[in-house]
Amino acid sequence: MEKIQQLAQWLKQSKRAVVLTGAGMSTESGVPDFRSKDGWWRNIDPATVANTQALEQNYDLFHAFYCVRLEALKGCKPHAGHYTLADWERRGLIERVATQNVDGFHRQAGNEAVDELHGSIHAVRCQKCGAAAGEEDFCEKRPCSQCGGKLRPGIVLFGEVLPEEAWNQALEAIQKADLVLVIGTSLQVYPVNQLPRMTSGKLVYINREVEGFEQDFDLIVEGSAKDLLQQIDIILRA
Ligand code: APR
C-alpha cells in the first residue's frame, strides 16, 4: 500500500490523533524555516539574536531581527495544508495541533485546539514588567508605556522556559494519542524534540528531509507538507 494511503487509513482508524508541526509547515506560505539551506540560521547565528542575552545586551540587533521577521510575516498567510488540518479538526480526524511555529497560521486557518509551544511573535510584551504592547510599539522601538522597559515579541527565546499550559496540554495529548503526525520539523530543539517519544501510539514523520529518522518512526513520508496533506485529504474524502 502506498504510504499516504496507509496514513489515511491510520487517520480514519485513530481515535486520538495529534499533530506536531515545525517551520517546514510554513515555508510554503513564504516564511523561511531555520535549518534548511535558505533558513534563518544559515545567515544569522541564533546565539546573537534568539536569547535573552541578545535582548539585554544587544537590543538593536535583537530588535532588527524580530522586526524583519514581523514585517516579512505581513505578506504571508496560511496555505492549503494549514486549512486541511483545520478541516481535519472540524471532522474529528485530529484532536489538536502542537506547534513550534510562532506565526499563528494554525489558528488563522481555523484550528482551535492549538498549543503554541514556542509562543507567538505577535504577542509583544515588556521584558521588565510583562505589560502587553503592540507590534507597532515594538517595531517603532518604543519603550514600555508602563515602566519604560524594553519590548520583545512573545516567543520563547533559547534558554527560556516554554509556556506551561501549552506544554502540559501538548504532552498530555501526545501521551494519550494513538497516532502522532510530526510535520515539517528537524526535531533539533529541546524539549519539543522529546515529545514524539512520549507517545505509545503510531508515529509518522512528514518532512522534506527524512534521512536519519528511519528508526524513530512507524511511517516516514518524504515531501512537501502542503502537497502531502492535500493528497491525504483526497484519499480520506474518496
Ligand atoms: N514540507 C515539508 N518539510 C519541510 C518543508 C516543506 N514545505 N520546508 C522545510 N521542511 C523541513 C526541513 O527539511 C526541516 O527538516 O522542515 C524542517 C524545518 O526544520 P527547522 O528549520 O529546524 O525548524 P524547526 O524544527 O521548526 O525548528 C525548531 O528552532 O530556532 C528554533 O524556535 C525555533 O521553533 C524553532 C525551533
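Indexing begins at 1, ligand by ligand and atom by atom, following the structure's order. This is a predicted model, so every value here is computed, not measured.
The nearest heavy-atom contact from the protein to atom 30 (O) of ligand 1 is W41 NE1, 2.8 Å. A23 CB, 3.5 Å is the protein heavy atom nearest to atom 23 (O) of ligand 1. Scanning the protein heavy atoms around atom 11 (C) of ligand 1, the nearest turns out to be N207 OD1, 3.3 Å.
When side chains are defined from C-beta on, K77 does not count as touching H82, because their heavy atoms never get closer than 4.5 Å. Looking at heavy atoms from C-beta onward, L162 lies in side-chain contact with V192 at the 4.5 angstrom threshold.
Remark: side-chain polar atoms of T199 are paired, donor with acceptor, to backbone N or O of A177 under 3.5 angstrom. Using modelled atom types, no side-chain atom of D137 and backbone atom of R142 make a donor-acceptor pair closer than 3.5 Å. Between the side chain of E28 and the backbone N or O of K226, at least one donor-acceptor pair lies under 3.5 Å.
Numbered from 1 in the order shown, with element, the atoms of ligand 1 that lie under 4.0 Å from a heavy atom of G24 read 1 (N), 4 (C), 5 (C), 6 (C), 7 (N), 8 (N), 9 (C), 10 (N), 16 (O), 18 (C). Of all atoms in ligand 1, listed by their number and element, those nearer than 4.0 Å to a heavy atom of S36 are 12 (C), 13 (O).
Residue S224 has no N or O atom closer than 3.5 Å to an N or O atom of ligand 1. At a 3.5 angstrom cut-off on N or O pairs, R35 counts as close to ligand 1. Close N/O approach between F158 and ligand 1 is not found [any backbone or side-chain N/O within under 3.5 Å]. The shortest N/O to N/O separation between S186 and ligand 1 falls below 3.5 Å. In terms of polar-atom proximity, defined here as any N/O pair under 3.5 Å, G22 makes no such contact with ligand 1.
Partners of F65 by ring pair (Phe, Tyr, Trp, His ring centres under 6.0 Å), not counting sequence neighbours, listed by chain and number: W40, W41.
Summarising the contacts of atom 12 (C) of ligand 1 with K37, H118, R208, E209, the nearest heavy atom is found in E209.
At a 4.0 Å cut-off, at least one heavy atom of G223 sits close enough to ligand 1 to count as contact. Under a 4.0 angstrom heavy-atom cut-off, G39 registers as lying outside contact with ligand 1.
Within a 6.0 Å radius of CD in Q53, other residues, nucleotides and ligands contribute 12 heavy atoms or fewer.
The proximity of E28 to ligand 1, defined as any non-hydrogen pair under 4.0 Å, is limited to the side chain.
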With a 3.5 Å cut-off and sequence neighbours excluded, list the donor-acceptor pairs that the side chains of residues 127-136 form with protein atoms.
residue: Q127; atom: OE1; partner: R152; partner atom: NH1; Å: 3.0
residue: E135; atom: OE2; partner: H122; partner atom: ND1; Å: 2.7

